[in-house]
Structure formats: structure tokens, C-alpha cells
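Taking it in order: structure first as C-alpha cells, then the write-up.
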Amino acid sequence: MTALDTSQIPARFQTVMTSLATAGAQLAGLVAKGPLAGALGAGVGENTDGDQQKALDVMADEMFAEALKTAGVRHYASEEQDSVVTLDPTGDLALAIDPLDGSSNIDVNVTIGTIFSILPAADTPEASFLRPAADQVAAGYIAFGPQCLMAVTFGDGTQLYVLDPDTNSFVLVESRMSLPTSAKEFSINSSNRRHWTKPVLAYVEENEAGETGAKGKNMNFRWVGSLVAETHRILTRGGTFLYPSDARPKYENGRLRMVYEVAPMAFLVEQAGGKATDGKAPILSLTAAELHERRPFVFGSSEEVDRIAELHG
Ligand code: AHG
Ligand code: MN
Ligand code: MN
């Protein structure tokens with residue numbers, strides 16, 4: 001079993017967090033082997049949203065479901081499964097997961113991750129997840145990059161752990177991450193520019209104009225293609241991220257899924273002093289109507305998120 005420093009983890013989450021850490025470290029080992037572990041990025045099927053599933057998407061889902069069987073998780077909702085699975089009928093927690101985020105980066109040795117959201121289990125499997133995002137009791141991500149690290153919140157700040165490869169143990173390195181209120185970087189997939197709405201285009205043009213425009217300062221640009229990597233960078237040095245709705249078919253609510261991508265990242269970001277919205281309302285005030293529904297997502301440094309909201313009128 002992988003060790004996790006549980007000194008700052010509330011008692012009711014220590015078992016589930018240790019199980020997540022164990023599966024996370026196991027997955028980090030597999031990611032580090034890359035092609036030596038087989039064709040991890042090979043296409044193997046399609047998920048509910050019509051995304052192609054890669055071999056590692058399915059393997060990661062199996063690893064987490066297995067590790068969480070004895071961790072008090074009654075309801076398990078995964079990007080890779082059509083409906084909610086009951087893992088531990090006596091458990092009092094529900095856990096939503098994107099087992100492998102950033103799957104287009106598997107084969108190119110760029111940071112990928114796992115995102116999770118924890119809620120109190122409700123009476124029915126679906127009711128555990130189709131509720132206000134503010135009902136989350138914990139949320140986090142594990143990033144598989146130059147370091148394997150885990151950011152997590154239990155509603156009292158955002159903590160950061162790093163996996164020490166010498167001891168196979170997650171060590172607490174920051175008990176309160178704090179996101180700068182102003183930003184020097186923004187992130188959006190600009191290949192979709194021609195499909196954007198006016199407020200999104202206005203925000204990007206303002207950034208591109210830099211010190212010659214209304215903003216009066218230059219902005220740098222980054223796009224990794226892994227939400228986990230993007231969020232970690234923003235939590236560390238500020239910035240903004242946008243995956244807005246656009247005019248492409250199926251993108252009327254953007255690309256990212258509310259229950260296991262948007263809601264947990266919003267919780268983590270707000271607990272670090274940032275903001276998260278769908279352009280109109282704070283993410284944490286919203287309720288998912290369907291397990292795999294998408295939600296436009298804007299988050300990051302508060303001054304910038306306020307500006308984007310202002311442009312949306
Ligand atoms: P996933 O690999 O779980 O399907 O998620 C990929 C997501 C997210 O990580 C990233 O921000 C976004 O998709 C990238 O989308 P584009 O390919 O449209 O840029
Ligand atoms: Mn994802
Ligand atoms: Mn995924």
C-alpha cells in the first residue's frame with residue numbers, strides 16, 4: 001500500500017484518500033513505463049460522450065474502481081462507465097472520477113492526470129451526483145508529470161502532496177495553496193476561434209492586444225490539452241482557463257463534464273482563492289441534470305474571471 005501523510009486529512013476521508021493515493025501511485029508507475037507497458041494510447045472503444053477510449057483510460061478506471069471497493073465508496077461515477085456503479089453497499093461516500101484526463105497526451109510524454117470529486121452518498125446512485133456542486137465534501141487531482149503530485153481540498157483550503165519515489169509515499173508540501181488574484185497567462189484552444197461567442201472573442205482579443213489595448217498589460221498564452229496540467233499551473237502561478245460553449249455541433253456547453261471535471265476543479269480553485277464560473281453563474285451554485293453533461297468552464301485568477309463575467313454582461 002502506498003503511504004499518504006494523513007496528518008492534515010479529516011478522519012472520515014483517510015481511508016478513501018489512502019486508496020486513491022495507492023491507485024494513483026500504481027498508475028504513475030504505469031505512465032512512467034510508457035511504451036514498455038504496452039500500447040497505452042491505443043484506441044479500444046468509445047465512452048458515453050462519444051469520446052474514443054484509450055487503453056490507459058480503461059486501465060485507470062479499473063485500477064481506481066478496484067482500489068475503492070473497500071474504501072467506503074458506495075456510489076462510483078466514472079467518465080468511462082455509462083452509469084453509476086455500486087462499489088461498497090455499506091459505504092457512506094459517493095465518488096465521481098475522470099480516471100485519466102488528457103488522454104491525447106498519453107503517447108507524447110506530456111502531463112496527464114486523474115480528477116475526483118467526493119460527495120456524501122445519497123439514497124439512489126444518481127442522486128449522489130445530480131445535486132449542487134457545493135455539496136462536494138472533497139475534490140482533487142493527481143498529476144502524472146515530472147513529479148507525481150496530488151492537490152486536494154476538504155473544504156478548508158487546497159493542500160498539495162508530492163509522491164516521493166524513494167519511499168513511495170505522498171508527502172504534504174503545502175497545506176494552503178494560494179492563487180494570485182491577477183494573471184499574466186491565459187489558456188484556451190484558439191483553433192476554435194471562428195466558433196466562439198462575442199464575449200470570449202473580446203476577452204482573447206483584449207489579451208492579445210496586451211499593453212497596446214484596454215488591458216494595459218501583456219498576457220502570455222499556454223495550452224497543454226490536459227485540464228489537470230492547466231489547473232496545476234494556474235493554482236501555482238495564476239492565470240485563466242476557458243473551455244467555453246462554441247458554435248460547433250455538440251459544443252453548446254463546451255467540452256468538459258460537470259460532475260467529474262468542472263465541479264471538482266471549481267472547488268479546488270475556489271479553496272485556493274480563485275474563481276470558477278460557466279460565464280454566467282459560479283460553478284458551485286450549479287446542479288448537474290445528467291451524469292455526463294458538459295458545462296462551459298472559466299476559472300482562475302479572480303480579477304480575470306470577474307472581467308470575463310463582465311464581458312458576458
Ligand atoms: P479527457 O482526456 O478526460 O477526455 O479530457 C480531455 C479534456 C481536457 O483535459 C482538456 O482540457 C480538453 O479536453 C482538451 O480539449 P481539446 O482537445 O478540444 O483542446
Ligand atoms: Mn478529462
Ligand atoms: Mn478522461
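Order of listing sets the numbers, starting from 1, for every ligand and every atom in it.
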Taking just the N, O or S atoms of [X], which one is nearest to the Mn ion (ligand 2)?
{"X": "E261", "result": "OE2"}
{"X": "D101", "result": "OD1"}
{"X": "D98", "result": "OD2"}

Restricting to N/O/S atoms, is E80 within less than 2.8 Å of the Mn ion (ligand 3) or not?
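No, since none of the N, O or S atoms of E80 sits under 2.8 Å from the Mn ion (ligand 3).
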
[X] [atom1] to [Y] [atom2] distance, which is reported to the nearest 0.5 Å:
{"X": "L27", "Y": "L100", "atom1": "CG", "atom2": "CG", "result": "6.0 Å"}
{"X": "S245", "Y": "Y251", "atom1": "OG", "atom2": "OH", "result": "12.5 Å"}
{"X": "L95", "Y": "L20", "atom1": "CG", "atom2": "CG", "result": "5.5 Å"}

- Query: What is the ring orientation for Y141 with H232, classed by angle as parallel under 30°, tilted 30 to 60°, or perpendicular over 60°?
  - Reply: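 Perpendicular: the ring planes of Y141 and H232 meet at over 60°.
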
Plane angle bin for H292 and Y260 - parallel if under 30°, tilted between 30 and 60°, otherwise perpendicular: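 Y260 and H292: perpendicular rings.
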
Between the side chain of K215 and the main-chain N/O of Y203, is any donor-acceptor distance below 3.5 Å?
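No, K215 side chain to Y203 backbone: no donor-acceptor pair under 3.5 Å.
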
**OP:** Give the intermediate values and the outcome of ring pair (Phe, Tyr, Trp, His ring centres under 6.0 Å) for residues Y243 and F297.
**Re:** CA-CA 5 Å; Y243 212 122; F297 195 23; 9.9 Å; no

Which angle, to the nearest 10 degrees, do you find at the Mn ion (ligand 3) between O in L100 and OE1 in E79?
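Rounding to the nearest 10 degrees gives 160°.
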
List ligand 1's nitrogen or oxygen atoms that come under 3.5 Å of a protein nitrogen or oxygen, with the partner atom and distance.
{"residue": "ligand 1", "atom": "2 (O)", "partner": "G102", "partner atom": "N", "Å": "2.9"}
{"residue": "ligand 1", "atom": "2 (O)", "partner": "S103", "partner atom": "N", "Å": "2.9"}
{"residue": "ligand 1", "atom": "2 (O)", "partner": "S103", "partner atom": "OG", "Å": "2.9"}
{"residue": "ligand 1", "atom": "3 (O)", "partner": "E79", "partner atom": "OE1", "Å": "3.2"}
{"residue": "ligand 1", "atom": "3 (O)", "partner": "D98", "partner atom": "OD1", "Å": "3.4"}
{"residue": "ligand 1", "atom": "3 (O)", "partner": "D98", "partner atom": "OD2", "Å": "3.0"}
{"residue": "ligand 1", "atom": "3 (O)", "partner": "L100", "partner atom": "O", "Å": "3.4"}
{"residue": "ligand 1", "atom": "4 (O)", "partner": "E79", "partner atom": "OE2", "Å": "3.4"}
{"residue": "ligand 1", "atom": "4 (O)", "partner": "R257", "partner atom": "NH2", "Å": "3.4"}
{"residue": "ligand 1", "atom": "5 (O)", "partner": "D101", "partner atom": "OD1", "Å": "3.1"}
{"residue": "ligand 1", "atom": "9 (O)", "partner": "D101", "partner atom": "OD1", "Å": "2.7"}
{"residue": "ligand 1", "atom": "9 (O)", "partner": "D101", "partner atom": "OD2", "Å": "3.2"}
{"residue": "ligand 1", "atom": "9 (O)", "partner": "L227", "partner atom": "N", "Å": "2.8"}
{"residue": "ligand 1", "atom": "13 (O)", "partner": "R255", "partner atom": "NE", "Å": "2.7"}
{"residue": "ligand 1", "atom": "15 (O)", "partner": "R255", "partner atom": "NE", "Å": "3.2"}
{"residue": "ligand 1", "atom": "18 (O)", "partner": "Y243", "partner atom": "OH", "Å": "2.5"}
{"residue": "ligand 1", "atom": "19 (O)", "partner": "N189", "partner atom": "ND2", "Å": "2.8"}
{"residue": "ligand 1", "atom": "19 (O)", "partner": "W223", "partner atom": "NE1", "Å": "3.2"}

**Study point:** Reference residue R255; test side chain to side chain contact (heavy atoms under 4.5 Å, CB included); the match among D51, N189, D246, L227
**Key:**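 Only one option passes, and that is D51.
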
